[in-house]
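Presented below is the structure to which this report refers.
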There are 2 protein chains.
Amino acid sequence: MASCDTCLVRNRAICAALDADEIGALNTIGRQRLLEPGESLIWEGDDSVLVANVIEGVLKLSTGTEDGREQIVGMVFASDFIGRPFGTTTGHGVTALTEAKVCVFNRRDFDSFARAHPALEHKLLQRTLDELDRTRRWMLLLGRKSASEKVASFLIEMTDRVASPGCSSLMPPGAIHLDLPVSRQQIADVLGLTIETVSRQFTRLKADRIIDLPSRREVVVLDRAALVAEAG
Amino acid sequence: MASCDTCLVRNRAICAALDADEIGALNTIGRQRLLEPGESLIWEGDDSVLVANVIEGVLKLSTGTEDGREQIVGMVFASDFIGRPFGTTTGHGVTALTEAKVCVFNRRDFDSFARAHPALEHKLLQRTLDELDRTRRWMLLLGRKSASEKVASFLIEMTDRVASPGCSSLMPPGAIHLDLPVSRQQIADVLGLTIETVSRQFTRLKADRIIDLPSRREVVVLDRAALVAEAG
DNA sequence: CGCTCCGTTGACGCATATCAAAAGCTGTGG
DNA sequence: CCACAGCTTTTGATATGCGTCAACGGAGCG
């Protein structure tokens with residue numbers, strides 16, 4: 001059975017607020033679950049029945065209109081928290097983008113545990129405040145930036161969030177290698193654009209020698225400064 | 001001297017989590033402040049030196065690009081909380097839209113007080129989670145909705161948030177009267193549009209008998225259902 | 001009464017969406 | 001190993017919604 005002791009995110013997730021005894025107690029109400037790419041953990045509009053910590057992988061948070069338009073409202077990574085504690089419904093779906101491992105809790109169990117452990121609630125509050133700040137900054141992008149600014153901003157955000165350690169010596173100095181966890185369509189859904197516009201911006205950036213595109217899911221950032229300049 | 005005992009939002013703001021003694025203690029570190037329309041309490045990028053509760057009035061949270069584009073990332077009303085506790089910088093400015101009364105705290109004082117009072121932190125967490133949900137729903141609007149859907153959504157949000165009690169008997173049955181706390185430019189900055197587009201949508205809605213526009217800052221919603229249908 | 005600010009209206013252009021088709025990958029079965 | 005099917009992505013042609021620029025109008029104020 002998986003235990004918190006061996007958990008990859010033991011010291012980075014909100015659990016870091018707890019001591020050994022408390023972790024033991026939390027361990028009894030949580031269980032690990034594996035998700036395949038495309039598999040959903042929570043659906044938009046559902047009653048809030050569970051919350052979770054991400055142990056491995058990348059997931060998206062998304063909402064949509066009735067006529068099928070979709071907007072990705074957040075991406076969550078290892079050690080991030082998922083779900084809506086202390087509430088009744090979840091406003092957005094949660095779906096795995098890569099294979100993912102999550103530590104799932106029944107929401108009510110988690111709620112009472114959290115209320116009994118202020119240090120945990122404090123960590124959760126800090127995370128929520130950070131996420132709110134990040135989300136508000138993204139609103140500027142959605143409301144006011146052009147397609148080229150949006151794509152540049154996306155790539156910069158990605159270099160900060162999923163910078164691959166496996167940069168081979170074959171790459172030009174200063175280059176940053178990215179393995180995107182998302183398809184072109186999903187990038188479009190993050191940026192509020194169409195897939196065609198995203199694709200055209202990628203090819204233009206490649207033509208301008210600002211990035212390289214070794215494969216569909218890979219991006220090499222050749223000139224990060226140029227990207228920052230384009231991001232507005 | 002103003003005291004929490006007579007505070008208009010005593011039972012709705014996060015202070016509602018505290019008993020009489022605790023309120024007394026909080027009273028000693030907070031002070032009231034009046035703001036004129038257009039006056040800023042916090043500037044984007046500032047060190048986070050203060051936090052506050054809104055007692056009366058409406059304020060905007062906004063970010064902008066270097067070249068002057070602006071995006072309003074939130075509107076705050078009576079009993080809402082303002083500022084970035086437990087953090088170093090604030091990602092957005094806070095500016096009064098109407099005359100406003102706020103209860104201001106030094107951020108460090110508030111931080112230590114909050115850490116010592118888990119019930120207060122819990123209220124703050126709930127508010128922050130609610131605000132995050134609201135903000136994420138707004139992202140769908142910014143990224144995926146058309147101008148007409150945006151304006152309709154804005155008006156619906158306003159009927160929920162500032163429905164005037166003073167509906168005179170002169171109005172058609174079912175009509176809802178709104179006193180907008182914002183200019184056309186500010187509506188545009190909330191919706192990620194230009195002032196001209198907002199204006200055109202307003203006149204169209206008036207021509208379609210869905211709203212009436214008695215004055216610049218007033219809107220009468222004649223057919224809320226039609227507005228909901230347009231909001232997407 | 002006239003000035004100024006804000007909002008409205010109109011003409012026009014452009015960025016991005018839409019529609020359509022070709023070009024790469026990826027996997028499967030012969 | 002090749003052929004083919006079913007994808008995602010790219011590329012191209014066209015359409016359109018919204019932005020931009022410019023002029024006008026009306027409300028508030030000295």
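By convention in this document, chain letters (A, B, ...) are assigned in the order of the sequence lines, proteins followed by strands, and residues within each chain are numbered from 1. None of these values were measured; they are calculated from a predicted model. Quick note: numbers below take in every heavy atom, side chains included, and nothing from hydrogens, waters or symmetry partners.
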When rounded to whole Å, the CZ to P distance for the pair A:R184 and C:dA23 reads 19 Å
To the nearest angstrom, the NZ-P distance between B:K145 and C:dA17 comes to 17 Å
Residue set satisfying ring pair (Phe, Tyr, Trp, His ring centres under 6.0 Å) with A:F154, at least two apart, ordered chain then number -> none
With B for base contact, S for sugar-phosphate-only contact and - for none (protein heavy atoms under 4.0 Å), nucleotides 22-30 of chain D reads ---BB----
Here the distance between atom P of D:dG17 and atom CZ of B:R144, to the nearest Å, is 17 Å
Sorted by number, residues from residues 197-212 of chain B placing a heavy atom under 4.0 Å from DNA chain D are B:T197, B:R200
### Query
Are A:R134 and A:D130 ion-paired here, with the side-chain N under 4.0 Å from a carboxylate O?
no
Using distance alone, with no hydrogens and no angle criterion, decide if A:R224 and A:T159 have a side-chain donor and acceptor under 3.5 Å apart. yes
*asked:* Within the 4.0 Å heavy-atom criterion, would you say B:S215 contacts the bases, only the backbone, or no part of the nucleic acid?
replied: nothing
**OP:** Is it possible for you to check whether B:R184 lies under 6.0 Å from the centre of the six-membered ring of B:F202, through NZ or CZ, and within 45° of that ring's axis?
**Re:** yes
NZ/NE/NH1/NH2 to OD/OE distance under 4.0 Å, B:E157 and B:R161
yes
One should read off an interatomic distance between B:D179 CG and B:M158 CE, to the nearest 0.5 angstrom, of 11.5 Å
Separation of D:dT8 atom C1' from A:I187 atom CD1, nearest Å, is 12 Å
Rounded to whole Å, the CD1-P distance (A:I195 to D:dG12) equals 17 Å
Answer yes or no: is there a donor N or O on one side and an acceptor on the other, between the side chain of A:T98 and the main chain of A:V58, under 3.5 Å?
-> yes
Tested for side chain to side chain donor-acceptor pair (under 3.5 Å) against B:E70, the lone hit among B:Q185, B:K60, B:Q186 is B:K60
Given A:E39 and A:R33, is the salt bridge (Lys or Arg N to Asp or Glu O under 4.0 Å) satisfied, shown in steps?
CA-CA 12 Å; A:E39 196 176 349; A:R33 179 165 163 196; 3.4 Å; yes
From CG of A:L193 across to C1' of D:dT9 the rounded distance in Å is 16 Å
Here the distance between atom P of C:dT8 and atom CZ of B:R217, to the nearest Å, is 12 Å
Separation of D:dC7 atom P from A:Q185 atom CD, nearest Å, is 15 Å
